[in-house]
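What's counted below: heavy atoms across the whole structure, side chains too, no hydrogens, waters or symmetry copies.
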Amino acid sequence: MRDKIESMSALKLCLLSAEMVPYAKTGGLADVTAGLSRFLAAEGHDVRVFLPFYDVIKSAGRDFTPVSFLTDVPVTLGGRTFRYTVRTDSAGEGDAGRYFIDCPALFHRGGIYTGGLDDALRFAVLTRATIEACQRMGFAPDVFHCSDWHTALLPLYLRVHYGWDRLFANSRTLLTIHNLGYQGVVSTQHLNALDLAGCADMLYQEDLEAGRLSFLKTGFLYADFLSTVSRTYAREIQTPDFGFGLDGVLRARWDHLVGIVNGVDYGDWNPAEDPHLPAAYSVDDLSGKERCKQYLLESLGLDYDPKVPVFGMVTRLTPQKGLDLLPGPVSELLGAHDVRLVMLGSGEPRYEAMLADFQRRFPKKACFFRGYSEPLAHLVEAGSDFFLMPSRYEPCGLNQMYSLRYGTVPIVRKTGGLADTVQLFDRQQGEGTGIVFDHFDADALRWALLFALDLWRQPEALEQARRNAMNQDYSWQSQGPQYVELYRRLVG
């Protein structure tokens with residue numbers, strides 16, 4: 001409500017994203033878009049989120065109503081005209097305004113992403129249609145908040161194609177990097193299709209000479225401010241090891257780059273109220289966690305023993321997630337110790353084969369569920385004693401924060417958001433929230449797993465670590481105000 005803003009005025013904010021729960025999700029971007037916009041709206045700001053209207057959107061029980069004056073609207077890029085209708089989700093009344101760009105010619109693909117030029121054109125149209133929808137609404141955002149490469153052309157489009165419109169004279173642009181590994185690179189032969197041929201002199205010339213255009217790199221050049229999803233990642237991406245070739249550009253803008261750790265929606269991730277769990281529990285009463293552990297193991301066909309620790313993983317199976325470290329240390333863990341390992345995820349076939357091999361070799365100790373299940377993801381968080389995230393790099397990460405909330409001790413590598421949110425537990429001082437290892441190698445992971453086994457043998461210390469973890473606050477009520485401060489800094 002507006003009275004929550006006290007003496008400050010409400011901001012007008014336009015958020016653009018390729019994903020948002022509950023409509024379309026492949027990763028944390030969807031959760032962040034939903035959580036941040038919900039927080040901002042609850043604080044009384046005028047928030048309007050623009051998304052593609054994919055044909056795979058989860059629409060059960062929802063009525064996506066066309067906006068009467070935004071129906072069958074033309075938008076032209078490079079001489080080619082597309083027509084779209086803006087729809088709203090009536091179920092979102094009272095929340096942030098959610099607007100969907102319904103362009104069947106581009107977004108009815110049977111999936112969220114298609115790759116290459118097709119995706120580049122789809123998200124360029126999303127960006128241009130969003131700006132023009134704001135024009136037709138008479139909505140002048142204080143800040144256009146773009147996320148990742150998909151919408152990174154907005155700052156340039158705003159300057160080149162809409163600089164004449166005084167409606168946006170005071171609008172500022174913020175580009176958030178959720179994962180620098182995805183940059184939206186296409187051939188320069190598509191400049192005309194993207195409506196950029198007329199401003200080629202404003203693009204990175206060395207890239208043009210090499211025959212490529214990067215959406216994200218272009219956004220770095222023209223956005224008023226840049227942010228990313230943790231303080232450590234903001235530093236890491238300015239180095240060759242983590243910069244994916246863009247570290248020099250980011251170092252040049254270091255004074256316009258800030259890291260803000262993502263928030264977690266504790267309405268969805270709260271063991272005291274989680275509908276996916278067989279028993280509720282909290283930091284004041286942990287007894288239900290053991291029931292969750294028993295239910296998890298028995299539902300997956302593994303023997304339950306309260307004296308045996310459970311290690312859990314929920315992850316995309318990609319090199320980023322550190323899966324190359326697993327073969328030796330995890331095989332040794334399963335072969336030499338009475339433990340249970342529950343793995344949930346999908347991705348590259350070689351990693352799926354590796355996790356399936358753990359289950360084949362240790363059928364009474366390990367279970368691999370290929371794919372994704374929201375209820376099972378919650379159950380793994382609640383029913384595990386330790387949660388494994390040995391990431392090669394991790395811009396922010398959400399699962400370690402879910403683990404903290406669920407009293408499941410995270411085992412993480414010291415990188416990105418993992419470094420910012422998990423502190424090594426000190427058994428002498430009783431301080432810290434998890435197990436943190438520094439180096440990306442098998443010996444470091446092996447040390448972390450042995451640390452976990454040693455902690456398991458000290459029930460009082462383990463309970464202290466759990467309580468420390470559950471007392472952390474990474475809610476949007478904690479993290480969201482940092483975005484508001486940044487918005488005000490931009491418009492101030």
Quick one: CZ on Arg413 to CZ on Arg392, what's the gap to the nearest 0.5 Å?
8.5 Å

Test the Arg128-Tyr157 pair against the cation-pi criterion, namely NZ or CZ under 6.0 angstrom from the six-membered ring centroid and within 45° of the ring axis.
yes

Evaluate the ring pair (Phe, Tyr, Trp, His ring centres under 6.0 Å) criterion for residues Phe144 and Phe168: first the C-alpha distance (whole Å), next the side-chain angles of each, then the deciding distance (0.1 Å), finally the verdict.
CA-CA 10 Å; Phe144 282 98; Phe168 304 128; 5.6 Å; yes

Over 12 non-hydrogen atoms of neighbours within 6.0 angstrom of CD in Glu348:
yes

Are more than 12 heavy atoms, taken from residues, nucleotides or ligands other than Glu273, located less than 6.0 Å from that residue's CD atom?
no

Give me the atom names and distance for the closest heavy-atom approach of Leu388 to Leu445.
CD1-CD1, 3.8 Å

Tell me whether Arg251 at atom CZ has more than 12 heavy atoms from other residues, nucleotides or ligands lying less than 6.0 Å away.
yes

Roughly how far, to the nearest 0.5 Å, is CZ of Phe425 from CD1 of Ile435?
9.5 Å

In terms of relative ring orientation, are Trp269 and His378 parallel, tilted or perpendicular, with 30° and 60° separating the classes?
parallel

Which label fits His256 and Phe225: parallel for a plane angle under 30°, tilted from 30 to 60°, or perpendicular past 60°?
tilted

Is the Phe215 ring parallel, tilted or perpendicular to the Trp149 ring (thresholds 30°, 60°)?
perpendicular

Distance under 6.0 Å and angle within 45° of ring axis: Arg159 vs Tyr222
no

Are the side chain of Asp142 and the backbone N or O of Leu11 linked by a donor-acceptor pair below 3.5 Å?
no

For Ala10 and Gly44 the tightest heavy-atom approach is CB-O, 3.5 Å

Can you sort out the partners of Gln477 under side-chain contact (heavy atoms from CB on, under 4.5 Å), two or more places apart, ordered by chain and number?
Phe39, Ser475

Pairwise distance CE(Met20) to CZ(Arg38) - rounded to 0.5 angstrom:
6.5 Å

Given ring pair (Phe, Tyr, Trp, His ring centres under 6.0 Å), test His45 with Tyr487 step by step and report yes or no.
CA-CA 11 Å; His45 301 288; Tyr487 296 147; 7.8 Å; no

Could you walk me through whether Thr85 and Thr71 pass the side chain to side chain donor-acceptor pair (under 3.5 Å) test, one step at a time?
CA-CA 4 Å; Thr85 293; Thr71 301; 4.8 Å; no

Can you check whether Tyr113 and Tyr182 have ring centres sitting under 6.0 Å from each other?
no

Only one of Phe100, Phe53, Phe107 clears ring pair (Phe, Tyr, Trp, His ring centres under 6.0 Å) with Tyr23; which?
Phe100

N/O donor-acceptor pair under 3.5 Å between Thr232 side chain and Thr415 backbone:
no

Look up atom CG in Leu325 and atom CG in Asp441, then write down how far apart they are to the nearest 0.5 Å.
7.0 Å

To the nearest 0.5 Å, what is the distance between CG (Leu226) and CZ (Phe220)?
6.0 Å

For Arg253 and Leu221 the tightest heavy-atom approach is NH1-O, 4.1 Å

Measuring from atom OG1 of Thr315 to atom CG of Leu344, what distance do you get when rounded to the nearest 0.5 angstrom?
9.5 Å

So, does Asp165 use its side chain to make a donor-acceptor pair with the main chain of Leu167 at under 3.5 Å?
yes

